[in-house]
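For this chain, numbers begin at 1 and follow the sequence in order. The structure presented is a predicted model; accordingly, all values stated were derived computationally and were not measured. Computation of the quantities below employed the complete heavy-atom set of this structure, encompassing side-chain atoms and omitting hydrogens, waters and symmetry-equivalent molecules.
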Amino acid sequence: MFTGIIAGRGTVRGIEQRPAAQDTATRDTAARADNTMVLLHLDAGELAADITLGASIAVDGVCLTVVDLDHDAPVPGRIALDVMGETLARSTLGELSSGDRVNLERCTPVGARLDGHIVQGHVDGVGRMLSSQELDGWQRLRFSIPARLARYVAEKGSIAIDGVSLTVTQVSAVDDPQPWFEVALIPATLEATGLGAKAPGQSVNLETDVLAKYAERLLGFSQAENAEERA
């Protein structure tokens, strides 16, 4: 589990294509994505000082597992992480290239303060920045959100954008065919993350509040049980 409080920024040093498990020449795009795996090489800096193999780390909000450590690298903190095809299909990690900067967060230790909100590192989908407004030391950002996820986003609720825990300040109408939401970035967030450098049209990883998803699921079961009792 994570809290959405970014601990540092890392740099992509390479993306290594893993061999496919089987020939995918005749399979469709979605099937090929399911069969894809890449090895993401990062310079995580001081964040990787005590990291071990098998540890979890969120990269732009995506929970990944450390599978290799290079202690002899000229730059300390170089790590490698496996990225599955499902993750590439649901997130922006497939768009990364060498030199890109990413938000990083280590998993939350038991007993730590929950300074953000409950973030699983399980990205629900990809949104795009629609606009950015510079204000007096802070920014107002508007993002699109897939229609299937819009119902989980509420004004004053929480959302993780590229792994950053943020409070939703405004949402589109429930019947808007192109749903959107807004967040406000204070100077500390602008300095610690890469969100302030995003330009309109750029994509971001979105993770909606897990509590909203569980509430919807429980309500669905409750309604189904009530219908059975009335039948």
Side-chain angles (χ1 to χ4, degrees), residues 1-12 42-48 56-63 91-93 95-96 99-109 111-146 149-173 176 179-213:
M1 190 189 82
F2 306 91
T3 67
I5 305 300
I6 301 304
R9 300 270 283 154
T11 303
V12 177
L42 290 180
D43 281 340
E46 296 179 358
L47 204 65
S56 295
I57 187 168
V59 180
D60 273 353
V62 182
C63 179
S91 74
T92 63
L93 295 191
E95 301 173 13
L96 292 175
D100 285 346
R101 300 278 284 165
V102 290
N103 296 326
L104 300 177
E105 182 188 357
R106 295 286 303 276
C107 58
T108 305
R113 290 186 177 89
L114 187 61
D115 290 323
H117 73 283
I118 297 174
V119 177
Q120 296 180 297
H122 302 161
V123 169
D124 294 306
V126 172
R128 295 192 181 277
M129 180 184 283
L130 298 177
S131 64
S132 173
Q133 184 179 7
E134 295 275 354
L135 296 162
D136 188 15
W138 59 283
Q139 288 184 26
R140 179 186 292 121
L141 306 181
R142 178 176 289 194
F143 294 92
S144 68
I145 184 169
L149 300 177
R151 63 182 180 272
Y152 302 125
V153 181
E155 187 174 326
K156 306 307 180 186
S158 297
I159 192 167
I161 305 176
D162 277 353
V164 183
S165 174
L166 293 166
T167 299
V168 177
T169 58
Q170 192 173 354
V171 295
S172 57
D176 195 319
W180 53 265
F181 67 93
E182 289 184 353
V183 295
L185 270 60
I186 62 175
T189 304
L190 292 170
E191 182 179 355
T193 76
L195 291 183
K198 293 283 185 180
Q202 285 190 281
S203 55
V204 293
N205 294 319
L206 300 176
E207 181 183 335
T208 57
D209 193 343
V210 64
L211 300 180
K213 289 181 279 190

Where is the tightest heavy-atom contact between [X] and [Y], given as atom of each residue plus distance?
X      : Y      : value
Trp138 : Ala184 : CZ3-CB, 3.7 Å
Leu130 : Pro200 : O-CB, 3.9 Å
Gly196 : Leu190 : CA-CD2, 3.6 Å
Val183 : Val168 : CG1-CA, 4.3 Å
Phe181 : Ile161 : CE1-CD1, 3.6 Å
Ile6   : Leu104 : CG2-O, 3.5 Å

Donor-acceptor contact below 3.5 Å, side chain [X] vs main chain [Y]:
X      : Y      : value
Arg142 : Glu182 : no
Ser172 : Trp180 : yes
Glu105 : Thr3   : yes
Glu95  : Thr92  : no

For this session: Check each of Val62, Val164, Asn205 against Asn103 using the side-chain contact (heavy atoms from CB on, under 4.5 Å) test, and report the only one that passes.
Result: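 Only match with Asn103 under side-chain contact (heavy atoms from CB on, under 4.5 Å): Val164.
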Mind checking the [atom1]-[atom2] spacing from [X] to [Y]? Nearest 0.5 Å is all I need.
X      : Y      : atom1 : atom2 : value
Phe143 : Ile159 : CZ    : CD1   : 9.0 Å
Leu42  : Arg9   : CG    : CZ    : 11.5 Å
Phe2   : Ile57  : CZ    : CD1   : 8.0 Å
Gln139 : Leu195 : CD    : CG    : 9.0 Å
Ser131 : Leu141 : OG    : CG    : 7.5 Å
Gln133 : Leu185 : CD    : CG    : 13.0 Å

Exercise. Asp162: what forms a salt bridge (Lys or Arg N to Asp or Glu O under 4.0 Å) with it, not counting sequence neighbours?
Worked result: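 Salt bridge (Lys or Arg N to Asp or Glu O under 4.0 Å) check on Asp162 returns Lys198.
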For this session: With sequence neighbours left out, write down each residue that passes salt bridge (Lys or Arg N to Asp or Glu O under 4.0 Å) with Arg151, or none if nothing qualifies.
Result: Glu216
Exercise. Taking atom types as modelled, is there a side-chain donor on Thr11 or Asp43 under 3.5 Å from an acceptor on the other?
Worked result: no
What side-chain donor-acceptor pairs closer than 3.5 Å can you find for residues 116-126, not counting sequence neighbours?
residue: His117; atom: ND1; partner: Ser165; partner atom: OG; Å: 2.7
residue: Asp124; atom: OD1; partner: Lys213; partner atom: NZ; Å: 2.9
residue: Asp124; atom: OD2; partner: Thr208; partner atom: N; Å: 2.8
residue: Asp124; atom: OD2; partner: Thr208; partner atom: OG1; Å: 2.9
residue: Asp124; atom: OD2; partner: Lys213; partner atom: NZ; Å: 3.1

